[in-house]
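Below is one structure; the comments refer to it alone.
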Amino acid sequence: MKNIINKKRIPVSKPSLIGSEKDYVLECMDSTWISSNGKYIELFEKKFAEYIGVKHAISCCNGTTALHVALLALGIGPGDEIIIPTLTYVATANAVKYTGAVPVFADSELDTWNIDPEKIEPLITEKTKAIIAVPLYGHPCDMDPIITIAKKHGLFLIEDAAEALGTKYKNKYCGSIANISTFSFYGNKTITTGEGGMVVTDDDSMAAKLRLLKGQGMDPQRRYWFPVIGYNYRMTNIEAAIGFGQLENINLFLEKRRLIAEWYFKCLKGIRGVSLPIEKDYAVHSYWMYSILIEEEFGISRDELMEQLEKYGIETRPVFYPMHIMPVYKEDSQELRNAEEIAAKGINLPTFYELEKEDVEYVAGVLKELCR
Ligand SMILES: *Cc1c(COP(=O)(O)O)cnc(C)c1O
C-alpha cells in the first residue's frame, strides 16, 4: 500500500480561475467600480440569462438570498407550506423559514437522490403554495411529473439549481423550467464568484419584483422611495467580474467534469460494495460532484472509509444529512427512509477542473485497497 501513497493532497473541490477573471477584477479596481454598480453586473446577468435560455437573470450576494427573494417574489409568507426534498443543503430549508413559511420534507428517489415526485402529492394541504425541486450534485430532478402536480394543485415551482449549472433535463438547462430558479456561486460550485447567487425567470413582472426586493426595495423610478420592505442582497461588481470570467469558460468546465466522471466510472467499476451514480435517459448530468454509495459489502463503514481516505491525502465529503433529522427542523418521528439511506452511505469524491486522470486512478487504487 505504501507504494501508492500520494505526494500531494487531493481536495474534494477547488475553484479554477483560469480565464480573464483577474484582468476583469483589476479593471474594477483601477476604475474604482468595486461596489454593486458597474458594467460587470449587467454583463454577467445578461450572459447568464443567455446561457440558461431565460429572459431575466438577477444577481444576488449568495444562493441563499437568491432563494429567499424568489420565495418572497412569489408572495410566500407565514401560514404557507413549501414542499422541499429532505435531502438538500440547509439553505433550501432556511430560505423557506426566513419567509415565515414552513418547509415540508419529501423523501428522495433511491437512484437519482432527488425529490421523489410520487412522494409529493400526499404532502399537499390547503396551505401548500410551492414545491422546490433541488437537482442534487448535478443530476436533474424528474421535472415533468413535478410540473404536472404543481399545475394540478395550482402551486408554484421553484428550482434550487445551485448544484446544477449546466445540467440538462430533456435538453433544457436546469433553471429554465420552473417559475423561478436560483443558482449559487460559492467557491465550490461549478462556477464561482467567491460568494454569489442568481435568480432567473422568464416572467417580466416577477423579474421586476425580484430586482426591487434584492435592491433594498427602492423604486427604480424614484430614488430613496421604498414602496416595499426590501433587502440589501446585491452582488458587487468585483464578484460579477469574476463570474463573467468564469462563465466564459463554462463549457470547458462542464466537459472536464464529464471526463472526470468517465474516468471514475471506468476505474471504480466492479469494486465490491461501491454503487456508482446514474444518469437517467432524461438527464445530462453536470457532475458537480461525483458521488458514490458505500454499501455494507465494502467491508468498512462509510465514515471509517472517509477517515482512511484522508490518511491517504484524499479529501471527501459525506452526503448532506436529511433536513428532517436536523434538531432545528425535526418534527415528531418522521421517517424518510430513502434519504436516510443515501445520507448514511453517500460520499462525494474529489471533483474539480484541475483533477487529473492519475488522481482519479489513485483514488480508485486506494478504494480498492481499503475494500475488505
Ligand atoms: C450551495 C447551495 C445553495 C446556496 O448556497 P450559498 O452558499 O448561499 O450560495 C442553495 N442550495 C443548494 C442545494 C446548494 O448546494
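In listed order, ligands and their atoms are each counted from 1.
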**Message:** With nothing but distance in play, are any N or O atoms of E195 less than 3.5 Å from an N or O of ligand 1?
**Reply:** no
**Message:** Quick one: does any side-chain atom of S286 pair with a main-chain N or O of A164 as donor and acceptor, under 3.5 Å?
**Reply:** no
**Request:** With F183 as reference, evaluate F48, F44, Y173 under the ring-ring contact (aromatic ring centres under 6.0 Å, His included) test and give the passing residue.
**Result:** F48
**Request:** Identify the protein heavy atom lying closest to atom 8 (O) of ligand 1, giving its residue, its atom name and the separation to 0.1 Å.
**Result:** T64 OG1, 2.5 Å
**Message:** Tell me the contacting part of T65 for ligand 1: side chain, backbone, both, or neither, using a 4.0 Å heavy-atom threshold, strictly below.
**Reply:** neither
**Message:** If you count every heavy atom of other residues, nucleotides or ligands that lies below 6.0 Å from I34 atom CD1, does the total exceed 12?
**Reply:** no
**Request:** Identify the protein heavy atom lying closest to atom 2 (C) of ligand 1, giving its residue, its atom name and the separation to 0.1 Å.
**Result:** K189 NZ, 2.6 Å
**Asked** For ligand 1, which atoms, with element, lie under 4.0 Å from some heavy atom of T88?
**Response** 13 (C)
**Request:** Check the side chains of N62 and Y233 for a donor-acceptor pair under 3.5 angstrom, ignoring hydrogens and angles.
**Result:** no
**Item:** Taking atom 11 (N) of ligand 1 as the reference point, the nearest protein heavy atom with its distance
**Value:** D160 OD2, 2.7 Å
**Message:** What protein heavy atom lies closest to atom 9 (O) of ligand 1? Include the residue and the distance to one decimal.
**Reply:** S184 OG, 2.6 Å
**Item:** Stepwise salt bridge (Lys or Arg N to Asp or Glu O under 4.0 Å) check, K280 with E109
**Value:** CA-CA 12 Å; K280 290 273 197 175; E109 296 179 322; 5.6 Å; no
**Item:** Nitrogen or oxygen atoms of A91 and ligand 1 under 3.5 Å apart
**Value:** no
**Prompt:** Which ligand 1 atoms are under 4.0 Å away from a heavy-atom of V134?
**Reply:** 13 (C)
**Request:** May I ask you to decide if G346's main-chain N or O and R302's side chain share a donor-acceptor pair within less than 3.5 Å?
**Result:** yes
**Message:** Within the 4.0 Å heavy-atom shell around N62, which atoms of ligand 1 are there?
**Reply:** 8 (O), 9 (O)
**Request:** Report the nearest protein non-hydrogen atom to atom 15 (O) of ligand 1: residue, atom name, distance rounded to 0.1 Å.
**Result:** E163 OE2, 2.5 Å
**Message:** I'd like to know if the side chain of R272 and the backbone of R372 have a donor-acceptor N/O pair within less than 3.5 Å.
**Reply:** yes
**Message:** Other members of the hydrophobic cluster containing L26, with the 4.5 Å side-chain heavy-atom rule, please.
**Reply:** none
